Amino acid sequence: MKWFAGALSLFLAIFAACGCSQQDDVEKFHIEGVVTYQGQSVPVGSIVFQPDPSQGNSGPYGVAQIKDGKFSTKLQGQASVGGPHLVIIEAFDGKEVNPDYAPYGASIGLTYQERFDLPKQDSTLDIELTDRKKR
C-alpha cells in the first residue's frame, strides 16, 4: 500500500506532463487563490487547470498544490494559458493521515469540476467547493 503515498504528487505530475508536449513559446499565466469548503480552508489537495477543448482552448495544463486553503502555480506548480478551462480539484481533510493508504487524510466529497474563463494575465481565483459539489 506504500504505492499510494505519492498519489497526489503523481496526480500533479501526470497533469503537468500533459502540457509539456505543447509549444514552449505559448504564453502562460500564473494563478493563485484560496479554496474553501463550507467556509473553511481546504487543508490539503490539488488543483488542475485544464484548457477546455470544447470551447476551442488548448495549451499546457496548470497545476498547483493546495495547502491550508491556498494555492499558487508560481510557488508550487505550473502556469497555464488563459481562456476557457475546466478546473479540477481533489480536496482532503488532512486528518488521520496514514502513509500506507491515506497520505492526505480522507477525501472531502467528490472530485470537483467547474468551468472558468481565466484571464490572459496572472490572476487570482477563489473557489468555494460547497456550491460546486451539488452540480
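It should be emphasised that the depicted structure is a prediction, and the values quoted were computed from it without experimental measurement.
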message: For residues 36-54, which residue pairs pass the salt bridge (Lys or Arg N to Asp or Glu O under 4.0 Å) check, not counting sequence neighbours?
response: Asp52-Arg115
- request: Run through Leu75, Thr124, Asp122 and flag the one making a side chain to side chain contact (heavy atoms under 4.5 Å, CB included) with His30.
  value: Asp122
query: When rounded to the nearest 0.5 angstrom, what is the spacing between CZ in Phe71 and CG in Leu125?
result: 5.0 Å
- request: Can you run down the salt bridge (Lys or Arg N to Asp or Glu O under 4.0 Å) pairs that involve residues 77-87, sequence neighbours left out, and say none if there aren't any?
  value: none
query: Can Phe49 be reached from Phe116 by stepping across I, L, V, M, F, W or Y side chains whose heavy atoms are under 4.5 Å apart?
result: yes
- prompt: With sequence neighbours left out, what residues match Pro43 under side-chain contact (heavy atoms from CB on, under 4.5 Å)?
  reply: Ile108
- prompt: Who pairs with Asp68 by side-chain contact (heavy atoms from CB on, under 4.5 Å), at least two apart in sequence or on another chain?
  reply: none
query: Do Ile88 and Tyr61 share a hydrophobic cluster (ILVMFWY, side-chain heavy atoms under 4.5 Å, transitive)?
result: yes
query: Residues in side chain to side chain donor-acceptor pair (under 3.5 Å) with Thr111, at least two apart?
result: Glu90
statement: For Gln40, the side-chain contact (heavy atoms from CB on, under 4.5 Å) test, sequence neighbours excluded, returns none
statement: By side-chain contact (heavy atoms from CB on, under 4.5 Å), Ser41 pairs with (sequence neighbours left out) none
query: Are Ile47 and Tyr37 connected in the hydrophobic side-chain network, where two residues link if heavy atoms are under 4.5 Å apart?
result: yes
message: Suppose the criterion is salt bridge (Lys or Arg N to Asp or Glu O under 4.0 Å): which pairs have a residue in residues 29-48, not counting sequence neighbours?
response: none
Asp93: partners by salt bridge (Lys or Arg N to Asp or Glu O under 4.0 Å), with sequence neighbours left out: none
Sequence neighbours excluded, every pair satisfying salt bridge (Lys or Arg N to Asp or Glu O under 4.0 Å) that has a member inside residues 41-50: none
query: Quick one: do Val48 and Phe29 end up in the same hydrophobic cluster if we chain Ile, Leu, Val, Met, Phe, Trp and Tyr together by side-chain heavy atoms under 4.5 Å apart?
result: no
